[in-house]
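Okay, so here's the structure we're looking at.
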Amino acid sequence: MAGEEIFLTTKLWVQDYGYESTQQAFYRSLERLQTDYLDLYLIHQPYFDIHGSWWAMEDLYREGVIKAIGVSNFSSAQLADLITFNRIAPRVNQVETHPFCQQWRAADFMQQHHIAIEDWAPFAEGKNDFFTQPLLATLAERYPKSVAQIILRWLLQRNVVVIPKSVNPQRIAENFTVFDFSLTEQDMATIATLELGKPLIANHADPERIAFIVTRCSAT
Ligand SMILES: NC(=O)c1ccc[n+]([C@@H]2O[C@H](COP(=O)([O-])OP(=O)(O)OC[C@H]3O[C@@H](n4cnc5c(N)ncnc54)[C@H](OP(=O)(O)O)[C@@H]3O)[C@@H](O)[C@H]2O)c1
């Protein structure tokens, strides 16, 4: 199924961590997706046996059934741990990134280590009145673009890989129409003032997060 026009990514969930479980989970995903390879496979959460999983993913990468391997929700320290004690470094770290949680320091660390920063929740999942936020609405009116387009452009100009989610065909088209304008440096800096200094949706440094993740596993 995967082809030149589709970049196919999936993630490994916590209950399948560890060398053998990861291999099994990977092949189950191939079966469900009706494909014989993945473009990108990510460790979804930065807890439990991430090294065992990473070794399995390194082997699958060497066999050629995954084109790139990466992680999601890893802090810089967790990335350093993975890089230091393994042979292959992650190519991608997918993290919550939007105007209220901008990830500048994390992005700098990833850039130094040639890890692409991939965003999740570019629109903060609509939280904090994202789509009507006054500063963003003013910029949107001026360009003229939608708030969603302003933020996708802001992320692209920061070299952040962006994966907006929409089930609405019109919005999907809108979200692609971001290559016909550029934000000025000054407007980029204005958006930087919206930073709140902490995640809005999922704080992976919070011990409570681990308890929550366990509730999302059918077996551990
Ligand atoms: N790695 C992780 O731990 C993690 C966690 C959460 C999410 N993700 C992934 O990140 C991706 C995106 O994140 P997300 O879905 O959480 O949040 P998001 O992209 O910030 O927000 C999605 C919401 O925005 C709406 N939307 C999309 N385009 C719009 C537009 N142009 N104008 C107005 N509303 C618009 C969507 O509604 P409609 O669908 O009705 O258009 C949806 O309700 C998803 O693929 C998700 O799987 C990863």
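Atoms within each ligand, like the ligands themselves, are counted from 1 in listed order. Just the heavy atoms: all of them, side chains too, but no hydrogens, waters or symmetry mates, feed the values below.
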Can you say whether the rings of Phe130 and Phe100 are parallel (under 30°), tilted (30 to 60°) or perpendicular (over 60°)? perpendicular
Taken to the nearest 0.5 Å, the spacing of Leu12 CG from Gln23 CD works out to 11.0 Å
Transitive ILVMFWY cluster of Tyr19, excluding itself - 4.5 Å side-chain cut-off: Trp55
Side-chain heavy atoms under 4.5 Å apart, restricted to Ile/Leu/Val/Met/Phe/Trp/Tyr: what other residues fall into the cluster of Val161, or is it alone? none
Sequence neighbours excluded, every pair satisfying ring pair (Phe, Tyr, Trp, His ring centres under 6.0 Å) that has a member inside residues 155-209: Tyr143-Phe181
Note: Asp59-Arg62 ion pair, threshold 4.0 Å (strictly below): yes
N/O to N/O under 3.5 Å, ligand 1 against protein:
residue  : atom   : partner : partner atom : Å
ligand 1 : 1 (N)  : Ser72   : OG           : 2.9
ligand 1 : 1 (N)  : Gln94   : OE1          : 2.8
ligand 1 : 3 (O)  : His44   : NE2          : 3.2
ligand 1 : 3 (O)  : Asn73   : ND2          : 2.9
ligand 1 : 13 (O) : Ala121  : N            : 3.1
ligand 1 : 16 (O) : Glu125  : OE2          : 2.4
ligand 1 : 19 (O) : Lys165  : N            : 3.3
ligand 1 : 20 (O) : Pro122  : N            : 3.4
ligand 1 : 20 (O) : Phe123  : N            : 2.8
ligand 1 : 20 (O) : Ala124  : N            : 3.4
ligand 1 : 20 (O) : Glu125  : N            : 3.1
ligand 1 : 28 (N) : Asn175  : ND2          : 3.0
ligand 1 : 31 (N) : Glu174  : OE2          : 3.1
ligand 1 : 31 (N) : Asn175  : OD1          : 2.8
ligand 1 : 39 (O) : Lys165  : NZ           : 3.2
ligand 1 : 39 (O) : Val167  : N            : 2.8
ligand 1 : 40 (O) : Arg171  : NH1          : 2.8
ligand 1 : 41 (O) : Ser166  : OG           : 2.6
ligand 1 : 41 (O) : Arg171  : NH1          : 2.7

